[in-house]
Amino acid sequence: QKEVEQNSGPLSVPEGAIASLNCTYSDRGSQSFFWYRQYSGKSPELIMSIYSNGDKEDGRFTAQLNKASQYVSLLIRDSQPSDSATYLCAALAGYSTLTFGKGTMLLVSP
Amino acid sequence: KAGVTQTPRYLIKTRGQQVTLSCSPISGHRSVSWYQQTPGQGLQFLFEYFSETQRNKGNFPGRFSGRQFSNSRSEMNVSTLELGDSALYLCASSLASGDYGYTFGSGTRLTVV
């Protein structure tokens, strides 16, 4: 069974802090990884993708991948209250099937 | 450009009925996937279509089926509805594969009573 595991949270951080979100995956064959943000009552929105070991930065977001440890993380710098949402980690199995974690709820307090 | 469009947004059905949900992908996108989201199970993959062919199927009973038309629009059908089918059904599209991630529609909220 291919699985993606995330801490459900909530992860609470003060405004301006760095939020660190983590996930692990079981399928060593997965090559592509994604972070989606989902606001309450809304659909998931793709915010980051990462395909190779190391870091990938996009604005305030940095995704990190370690295939040897089967570990993916997302760092959000200068967290804002508008970042409060559930963050979903996903691994691509094969070429078209995304396996999602259950998500980590992030709460950023002003 | 227009995003992924799902209709209807909300549905209330009675146990035993069947339901059809519709999804129009982003123009040019040929891969359409369907997911079920519930508070307990999270997002679970139902099936994926590409060029009118089902390429992948998740671990759901045969009551869940889908199809894709030549214009890439897709429908999913659930027959003999059960209370446990109450969920948010999300459609997502991509150009051809999931390599660059999928774009999700707003979803259809199905309530079975």
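Each chain gets a letter, A, B and so on, in the order the sequences are listed, and its residues count up from 1. Hydrogens, waters and symmetry mates are skipped; everything else that's a heavy atom, side chains included, is used.
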Legend entry - Proximal component of B/Phe104, with respect to chain A [non-hydrogen, under 4.5 Å]: both
Inset, instruction - Assess the pair B/Tyr35 and A/Phe100: is the distance between their ring centroids shorter than 6.0 Å? - result: yes
Inset, instruction - Let me know if A/Gln38 has heavy atoms under 4.5 Å from chain B in its side chain, its backbone, both or neither. - result: side chain
Inset, instruction - Sort A/Phe33 into side chain, backbone, both or neither according to what part of it lies under 4.5 angstrom from a heavy atom of chain B. - result: neither
Inset, instruction - Give a yes or no on this: more than 12 heavy atoms of other residues, nucleotides or ligands lie within 6.0 Å of atom CD1 of A/Ile18. - result: no
Inset, instruction - May I ask you to decide if A/Thr97's main-chain N or O and B/Tyr102's side chain share a donor-acceptor pair within less than 3.5 Å? - result: no
Legend entry - Rounded distance (nearest 0.5 Å) linking atom CG of A/Leu98 with atom CD of B/Gln44: 14.0 Å
Legend entry - B/Asn71 atom CG, over 12 foreign heavy atoms within 6.0 Å: yes
Legend entry - A/Ser43 (side chain) donor-acceptor with B/Gly105 (main chain) under 3.5 angstrom: yes
Inset, instruction - Answer with side chain, backbone, both or neither: which region of A/Leu92 has an atom nearer than 4.5 Å to a non-hydrogen atom of chain B? - result: side chain
Inset, instruction - Please answer: with hydrophobic residues joined when any side-chain heavy atoms are less than 4.5 Å apart, are B/Tyr89 and B/Phe47 in the same cluster? - result: yes
Inset, instruction - Count the heavy atoms belonging to other residues, nucleotides or ligands that lie under 6.0 Å from CZ of B/Arg15, then report whether that count exceeds 12. - result: no
Legend entry - Co-membership, hydrophobic cluster, residues B/Val4 and B/Leu90, 4.5 Å side-chain: no
Inset, instruction - Would you mind reporting whether B/Tyr100 and A/Phe34 have side-chain heavy atoms less than 4.5 Å apart? - result: no
Inset, instruction - For the residue pair B/Leu43 and A/Leu88, establish whether any side-chain heavy-atom pair is separated by less than 4.5 Å. - result: yes
Legend entry - Verify same cluster id: A/Met105, A/Val13 (apolar side-chain graph, 4.5 Å): no
Legend entry - Atom NZ of A/Lys42: over 12 foreign heavy atoms under 6.0 Å: no
Inset, instruction - Flag yes if B/Leu81 and B/Phe60 sit in one hydrophobic cluster, no otherwise; membership is Ile, Leu, Val, Met, Phe, Trp, Tyr, and two members link when side-chain heavy atoms are under 4.5 Å apart. - result: yes
Legend entry - Interchain contact, A/Ser49 with chain B, by part (heavy-atom threshold 4.5 Å): neither
Legend entry - Verify same cluster id: B/Tyr49, B/Leu21 (apolar side-chain graph, 4.5 Å): yes
Legend entry - chain B contact via A/Ser96 - which portion, at a heavy-atom distance below 4.5 Å: both
Legend entry - Heavy-atom pair count under 4.5 Å with chain A, highest-scoring of B/Thr103, B/Asp99, B/Leu88: B/Asp99
